[in-house]
Structure formats: C-alpha cells, structure tokens
Amino acid sequence: TMMEWRMNRFAKLAGMAAFLWRLALTTGTGLIFGFLVARAGYDAALLAPLFISMSFAFGLAIFILAVIGLYKGDGRPLGDAIIRRMGRLLGVFVAAVCYFVLVYHLTNLYSPAHHAYERYLLIDGGLVTAVFWVGQVGIGALFPLIIVFGCKAEALTRCRVIAASLLVILGGLAQVYVIIIGGQSYPMELVAGWQATSSFFDGARTVYHASLPEVVLGVGGAALAAIIVLVGAKVLAFMPQSLADGDITN
C-alpha cells in the first residue's frame with residue numbers, strides 16, 4: 001500500500017490492522033510470562049501491558065536510529081522537526097514503561113507471597129539487583145527522560161535524541177535480563193511452607209552466564225534483522241524521498 005499508488009487508499013486500514021495485530025502479539029508474549037504462576041517473578045497479568053509499553057519504547061528507539069542511519073547513508077534530507085517529535089514520543093513511552101514497572105513492584109510488595117522475591121530483586125539479588133537499578137532504572141529510564149524532557153523542545157538536538165535512543169536500547173536489554181534471568185534464577189516454592197533441597201539445586205538461587213553459542217545466536221539474530229532492513233530499504237521504494245522540515249505536513 002505504501003509503494004503502489006493505486007493501493008495508497010488502503011494504507012491507513014493496513015496500518016491499523018498491523019497495529020492491532022501487534023498489540024495482540026505483544027499481549028500474548030507478556031501473558032506467556034504472566035501465566036507462569038509457579039514463578040514468583042512472573043504470576044501477574046500486568047506483564048501484558050508492561051510488555052506492550054516496553055516494545056513501544058525499545059522499538060521506537062531502534063526505529064529512530066535506523067531512520068537517521070538510512071537517510072544519512074542514502075543522502076536524503078531529514079529535518080530536525082521530525083527527530084524532535086520522535087524524541088518526545090520516545091520520552092512518553094519510556095515514562096509509560098516506568099509507570100508499569102512501578103505498579104508491578106508495588107503490587108508485589110502489597111502481596112506477602114511476593115515479598116521474598118521483591119527483596120531478592122531489589123536488594124539481595126547481586127548482579128540481578130545491580131542490572132535492575134543501574135541498567136534498567138538508571139541507564140534505561142532516568143537518563144533518557146532527563147535528556148528528552150530536560151530541555152525545551154527547540155533545544156532537543158539530534159545528538160540528544162540519538163543518545164537517548166541508545167540508552168533506551170541498553171536499558172531495554174537490562175530490563176529483559178532482569179525479567180528473564182532474574183525471574184528464573186529465584187527458586188520456585190515447590191511445597192508451600194516448606195524448604196526443598198537436593199543435588200539438583202532445588203530451592204537454591206542460581207547464577208547464569210551466557211555461553212559462546214548463545215552470544216553468537218543473539219548477535220547473529222540482530223545482524224540478520226539489520227541486513228533485512230538495509231536490503232529492503234535499498235531495493236523497495238517505501239522510504240520518502242525527503243523528510244526535510246519544509247516537506248513534512250502536520
């Protein structure tokens with residue numbers, strides 16, 4: 001619909017369908033974790049809207065960097081107005097992530113069944129706790145919000161938006177680490193009111209270190225996605241010829 005002018009009239013309908021499917025997909029991903037009631041770190045339907053807000057923030061951060069890189073590499077004009085608007089929108093999405101994270105932890109702190117896990121994550125978790133406070137909260141939330149909203153809209157330069165986007169991506173990796181690794185490294189309560197120990201580390205807190213194949217798989221997946229975007233942007237004519245300030249209609 002974007003490349004064929006005869007199909008342009010269906011672009012809004014196709015975009016809305018893609019957006020609704022995207023909400024459904026991310027809701028399902030969040031509920032995969034939320035329905036794992038055996039894990040104290042999950043067991044919350046709130047993970048569905050949290051995952052949606054996370055995907056908005058992390059996706060927009062990657063999109064901003066991709067747009068700037070593609071337009072610079074192809075020599076196409078890209079105005080500062082659209083960069084500032086996307087930067088402000090990124091700040092709104094990051095604030096939404098902060099809101100859902102706060103509600104999630106306050107809900108867990110209200111429930112005595114989750115007090116031990118919250119203490120593990122927020123205080124006694126070692127590396128997981130450090131990644132949460134430094135990576136997720138500091139690098140991924142507070143610093144980007146200060147960069148984006150700490151100045152007037154006219155002073156939000158391209159460099160500030162790029163810096164905020166990079167920090168959001170790093171914070172996103174930290175947040176995914178906290179959710180996946182932190183949620184599984186805390187031991188499950190096998191029998192309520194009892195402690196279980198065995199040679200299989202039942203009831204013990206575990207430590208995870210990524211192996212070389214896992215690192216290669218992760219980096220390779222990101223590289224494959226980048227190659228697809230680059231080839232698609234070069235071959236398929238769906239990028240506007242100009243996003244200069246004078247060519248953008250409000």
Side-chain angles (χ1 to χ4, degrees), residues 1-8 10-26 29 51-94 97 135 139-140 144 147-148 156-177 180 210-249:
T1 61
M2 295 172 63
M3 293 186 293
E4 171 56 56
W5 66 269
R6 292 172 296 180
M7 303 296 291
N8 285 166
F10 300 112
K12 290 185 178 181
L13 182 62
M16 181 58 66
F19 177 73
L20 293 177
W21 171 244
R22 191 226 184 296
L23 290 180
L25 182 66
T26 312
T29 305
F51 270 55
I52 291 175
S53 61
M54 287 167 54
S55 63
F56 283 166
F58 310 155
L60 180 58
I62 296 173
F63 179 77
I64 290 173
L65 297 179
V67 168
I68 293 176
L70 288 173
Y71 272 78
K72 183 177 180 59
D74 209 26
R76 303 188 187 188
L78 178 63
D80 293 329
I82 191 170
I83 298 298
R84 287 196 295 265
R85 288 161 60 180
M86 289 195 295
R88 289 285 178 159
L89 182 60
L90 178 64
V92 173
F93 288 156
V94 171
V97 173
I139 296 176
I147 291 173
V148 173
L156 188 59
T157 62
R158 186 167 309 197
C159 291
R160 293 174 70 98
V161 175
I162 292 175
S165 300
L166 290 172
L167 291 176
V168 169
I169 294 172
L170 293 176
L173 294 174
Q175 185 166 1
V176 172
Y177 178 91
I180 296 178
S211 63
L212 180 60
E214 290 173 319
V215 174
V216 173
L217 180 64
V219 175
L224 178 61
I227 292 173
I228 293 174
V229 172
L230 289 174
V231 173
K234 190 67 176 179
V235 176
L236 306 176
F238 64 85
M239 290 174 55
Q241 291 296 323
S242 174
L243 287 178
D245 294 342
D247 297 328
I248 298 177
T249 57

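Heads up: numbering here begins at 1 and tracks the sequence.
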>> If you compare all heavy atoms of Gly87 against all heavy atoms of Ile64, which two are closest, and at what distance to 0.1 Å?
In response: N-CD1, 4.4 Å
> Would Val94 and Val148 satisfy side-chain contact (heavy atoms from CB on, under 4.5 Å), going step by step from the backbone distance to the final call?
Replying inline: CA-CA 10 Å; Val94 171; Val148 173; over 6 Å; no
> Below 4.5 Å, heavy atoms only, C-beta onward: do Leu13 and Thr1 meet side chain to side chain?
Replying inline: no
> Which pair of non-hydrogen atoms, one from Glu4 and one from Asn8, has the smallest distance, and what is that distance?
Replying inline: O-ND2, 3.1 Å
>> Before you tell me yes or no, could you show the steps for Ile162 and Thr157 under side-chain contact (heavy atoms from CB on, under 4.5 Å), namely the whole-Å CA-CA distance, both residues' side-chain angles and the distance that decides it to 0.1 Å?
In response: CA-CA 9 Å; Ile162 292 175; Thr157 62; over 6 Å; no
> Between CG of Asp74 and CE of Met239, what distance do you get to the nearest 0.5 Å?
Replying inline: 6.0 Å
> Which value, rounded to the nearest 0.5 Å, describes the distance between Asp247 atom CG and Leu78 atom CG?
Replying inline: 11.0 Å
>> Over 60° means perpendicular and under 30° means parallel, so tell me whether Phe19 and Phe56 are parallel, tilted or perpendicular.
In response: parallel
> Does the pair Val67 and Phe63 meet the rule for a side-chain contact (heavy atoms from CB on, under 4.5 Å), with working shown?
Replying inline: CA-CA 6 Å; Val67 168; Phe63 179 77; 3.5 Å; yes
> Does any non-hydrogen side-chain atom of Thr26 lie less than 4.5 Å from one of Met54?
Replying inline: no
>> Within this structure, what is the CG-CD distance for the pair Leu173 and Gln175, rounded to the nearest 0.5 Å?
In response: 10.5 Å
>> Nearest 0.5 Å, please: how far is CE in Met86 from CG in Leu156?
In response: 11.0 Å
> Does Arg76 use its side chain to pair, donor to acceptor, with the backbone of Tyr71 at less than 3.5 Å?
Replying inline: no
> Got Ile169 and Leu65 here, is their nearest side-chain heavy-atom distance under 4.5 Å?
Replying inline: yes
>> Can you confirm whether Met3 sits close enough to Leu236 that some side-chain heavy atom of one is under 4.5 Å from a side-chain heavy atom of the other?
In response: yes
>> Give me the atom names and distance for the closest heavy-atom approach of Pro77 to Gln241.
In response: CD-O, 3.6 Å
> What are the two closest heavy atoms between Asp245 and Asp80, and how far apart are they?
Replying inline: OD1-N, 3.2 Å
> When rounded to the nearest 0.5 angstrom, what distance separates SG in Cys159 from CD1 in Ile68?
Replying inline: 9.0 Å
> Do you know the tightest heavy-atom contact between Gly171 and Ile139?
Replying inline: N-CG2, 4.4 Å
> Is the shortest heavy-atom distance from the side chain of Ser165 to the side chain of Leu90 under 4.5 Å?
Replying inline: yes
>> Nearest 0.5 angstrom please: Met2 CE to Met7 CE, how far?
In response: 13.5 Å
